[in-house]
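No hydrogens, no waters, no symmetry mates; every other heavy atom, side chains included, goes into these values. Naming: A, B, ... by sequence-line order, numbering from 1 per chain.
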Amino acid sequence: MTAALYHGEPNGPSLTVLAALFETGAEADLIALDLTQGERHCRAVVGREVEMSIEGEGPVLVVEGEAMADSVFLAQYLDESRGGGLQPADPHARWEMEMWCRFIIERVAPAAAFLGNRAHLTPKLRAMSDEAFEALVGRIASADLAERWRAVREGRYPEAQLEDSRAKIRLAVERLEKRIEGDWILGAFTIADLETYAWLAGMVDLVPEAFADAPITRAWLGRVAARDSVRQALALSPTGVPMKSWAPGPEINRWG
Amino acid sequence: MSDKVTLFHWEPNANSGKPMLALAEKGVPFESRYIDMLNFDQHKPEYLAINPQGTIPAMLHGDRVLTESTAIMEYVDAAFDGPALMPPDPRDRWRVRWWMKFMDQWLAPSFSMIGWSVFVGPAVRHRDPKELEAAIERIPLPERRTAWRKAIYNLFCEEEIAESQRRVGVGISMLEEALSRREWLASDQYSLADVNGFNLAYALPLSQPHLSNEETTPCIIDWLRRIYERPATKATWALGRTEMVKRVKIFEREVQP
Ligand SMILES: N[C@@H](CCC(=O)N[C@@H](CS)C(=O)NCC(=O)O)C(=O)O
């Protein structure tokens, strides 16, 4: 039985997984969803792990009836089923990749989603009728994800969180400037490059000051964008501007 | 480089307990360096020289420093001989990772917020206010500074505690459901997800008695008891120094008369 990948516009977590699929040569039926309309909650095959995924509106990979979520782990799954070479074999290098991905997942992705949704999704949701919006959130099983949708529609963006989110993007770029080793973040090309690119590419327009003085990061962004797998993924965009497509993502951490 | 392993940890509990138990399961001997969290040992210069973030645990392997409890566990599993704590099947591995992230980033912070409001705050609050303020100022991570401030001055708002309690309830039902389907949390073999989960949930029947007990969550109780009975768990909990570790005694099976 072939796998099925339900994905949104090639941005954020959907971009990571689409590109990992093309990198590894794994096969899956591609089913495009409009994540900005909450289509994952009515058109995709889901299960508890998808409904409760703290990544928010990410892609879903269905294998033998099991619906899986969380972009980094899906990329690892594809890599480990296909021997794709997207992860270092050495345990210490692997730890470094996991630490980097965790920084992106925990600190950078919530910030990027906050800023991206504010710029691109809030206006769309404001234009929606109350009825249509309530129908959309009514289908969401996770109460805190539903609450993030409401916050986006109502435009709840406290100044302190906005500033903190921009600071997180600046921090990510500062760390990239120091970290990039040769062509890629960890020397060899890994899932860390995909996940980092997927969340940061859309920030170049939204937090331009973070990238202004970052020649190493800008060159790296160009190299990732030029990879066959990423080009193939970006070419799937129905609008041609995937970096402007955002849906509620992970929450900004509430404790610790 | 020497291959010596040194672990800086507090009680076998939450994040400290994860690498302690993983090392014990793998049979890797390590030098234990106890960091008394309630005495703010983790913000002292000696420790900040190891981990500038001022959080525990941290592990030295030879001259390398490793941090982040779950990432340390994955490293321990990959770097040392001993029984595999990650299943071989890629989909099972995905499930192990999914559960660990869900626990680390969604469920554990809710448990932790409640624990800090009812236990950590009251445990240190009575100390000299000037000393406490100075201790807070020494905390390197802004997020942790906020946490300590809230715990010490009891600044939690009702809504956030209620939200944490809601998440604990949802998490318990998800654990029970997963454990009714499989012998272990994420696959048919004991894995890092179980090591992680035990550290999060071992005190559940005491801290959330109405939500987790033999009647409402039989699968969770049985799972915790099976983990408690493993020699590595017994050895790890014997390293605790405070009353906290005694909580595992609830898993002793009653001796039949
Ligand atoms: N994500 C880190 C978190 C480490 C962490 O925050 N540990 C807590 C103890 S469980 C700590 O160090 N608290 C002491 C403090 O905040 O001062 C990990 O899993 O290792």
Chemist: With a cut-off of 6.0 Å (strictly less than), are more than 12 heavy atoms of other residues, nucleotides or ligands near CD of B:Glu31?
Modeler: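 Yes, because the 6.0 Å sphere around CD of B:Glu31 holds more than 12 heavy atoms from other groups.
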Chemist: Any chance the side chains of A:Trp255 and B:Ser110 put a donor and an acceptor closer than 3.5 Å?
Modeler: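 On atom types as modelled, these side chains do not qualify, holding no pair under 3.5 Å.
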Chemist: A:Ser53 vs B:Phe102, test: side-chain contact (heavy atoms from CB on, under 4.5 Å). Steps then yes/no.
Modeler: CA-CA 7 Å; A:Ser53 162; B:Phe102 178 73; over 6 Å; no
Chemist: Write out, in numerical order, the residues from residues 69-89 of chain A with a heavy atom short of 4.5 Å from a heavy atom in chain B.
Modeler: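 At a heavy-atom separation under 4.5 Å, chain B is reached by A:Ala69, A:Asp70, A:Phe73, A:Leu74, A:Gln76, A:Tyr77, A:Glu80, A:Ser81.
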Chemist: Need one label for B:Arg145: side chain, backbone, both or neither, based on atoms under 4.5 Å from any heavy atom in chain A.
Modeler: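 For B:Arg145, neither part sits under 4.5 Å from chain A.
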Chemist: Sort B:Lys150 into side chain, backbone, both or neither according to what part of it lies under 4.5 angstrom from a heavy atom of chain A.
Modeler: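 Just the side chain, heavy atoms under 4.5 Å.
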Chemist: Go through the steps to decide whether A:Trp95 and B:Val76 satisfy the test side-chain contact (heavy atoms from CB on, under 4.5 Å), and finish with yes or no.
Modeler: CA-CA 10 Å; A:Trp95 172 81; B:Val76 166; over 6 Å; no
Chemist: Between B:Trp99 and chain A, which part of the residue has a heavy atom less than 4.5 Å away: side chain, backbone, both or neither?
Modeler: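 Just the side chain, heavy atoms under 4.5 Å.
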Chemist: Taking every heavy-atom pair that is under 4.5 Å apart, which of A:Arg48, A:Met52, A:Arg102 has the most such pairs with chain B?
Modeler: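 Maximum pair count with chain B is reached by A:Arg102.
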Chemist: Is the closest side-chain heavy-atom distance between B:Gln105 and A:Asn253 below 4.5 Å?
Modeler: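 No, every pair of side-chain atoms sits at 4.5 Å or beyond.
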Chemist: Using non-hydrogen atoms only, which part of A:Met68 is less than 4.5 Å away from chain B: side chain, backbone, both, or neither?
Modeler: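 The answer is both parts of A:Met68.
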Chemist: Please determine whether a side-chain nitrogen of the Lys or Arg among B:Glu163 and A:Arg254 lies less than 4.0 Å from a carboxylate oxygen of the Asp or Glu.
Modeler: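 Looking at B:Glu163 and A:Arg254, the cut-off is not met.
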Chemist: Using non-hydrogen atoms only, which part of B:Thr55 is less than 4.5 Å away from chain A: side chain, backbone, both, or neither?
Modeler: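 Interface part for B:Thr55: neither.
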Chemist: Contact between B:Tyr75 and A:Glu98 at the side-chain level, heavy atoms closer than 4.5 Å - yes or no?
Modeler: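 SC-SC contact between B:Tyr75 and A:Glu98 ruled out.
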Chemist: Given that the side chain runs from C-beta out, which part of A:Glu49 has a heavy atom under 4.5 Å from chain B: side chain, backbone, both or neither?
Modeler: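 The answer is both parts of A:Glu49.
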Chemist: Please classify the contact between B:Phe156 and chain A as side chain, backbone, both or neither, with a heavy-atom cut-off of under 4.5 Å.
Modeler: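 The side chain, not the backbone.
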Chemist: Which region of B:Leu141, side chain (C-beta onward) or backbone (N, CA, C, O), has a non-hydrogen atom less than 4.5 Å from a non-hydrogen atom of chain A, or is it both or neither?
Modeler: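 Contact with chain A is absent: no heavy atom of B:Leu141 under 4.5 Å.
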Chemist: So does B:Glu74 pair up with A:Arg94, basic N to acidic O under 4.0 Å?
Modeler: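 So B:Glu74 does not pair with A:Arg94 through a salt bridge.
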Chemist: By a 4.5 Å heavy-atom criterion (distance strictly below it), what part of B:Ser112 contacts chain A: side chain, backbone, both, or neither?
Modeler: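 Contact with chain A is through both the backbone and side chain of B:Ser112.
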Chemist: Could you list which of residues 139-166 of chain A have a heavy atom closer than 4.5 Å to any heavy atom of chain B, in residue-number order?
Modeler: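 Residues of residues 139-166 of chain A touching chain B at under 4.5 Å: A:Ala143, A:Asp144.
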Chemist: Please classify the contact between B:Val170 and chain A as side chain, backbone, both or neither, with a heavy-atom cut-off of under 4.5 Å.
Modeler: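 Side chain only.
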Chemist: Provide the closest heavy-atom pair for A:Ile54 versus B:Lys101 in the form atom of the first, atom of the second, distance.
Modeler: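 Closest heavy-atom pair between A:Ile54 and B:Lys101: CG1-CE, 3.6 Å.
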Chemist: Using heavy-atom distances under 4.5 Å, tell me whether A:Glu251 contacts chain B through its side chain, its backbone, both, or neither.
Modeler: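 When you check distances to chain B, only side chain atoms of A:Glu251 fall under 4.5 Å.
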Chemist: So with a 6.0 Å cut-off around CG of A:Asp90, is the heavy-atom count from everything else above 12?
Modeler: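 Enclosed.
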Chemist: Stepwise, does the side-chain contact (heavy atoms from CB on, under 4.5 Å) test hold for A:Glu106 with B:Asp104?
Modeler: CA-CA 10 Å; A:Glu106 255 187 8; B:Asp104 288 353; 5.7 Å; no
Chemist: For the candidates B:Arg93, B:Arg91, B:Glu143, which exhibits the highest count of non-hydrogen atom pairs separated by less than 4.5 Å from chain A?
Modeler: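 Most pairs with chain A among the choices: B:Arg91.
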Chemist: Non-hydrogen atoms of chain A under 4.5 Å away: do they reach the side chain of B:Arg97, the backbone, both or neither?
Modeler: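 Both backbone and side chain.
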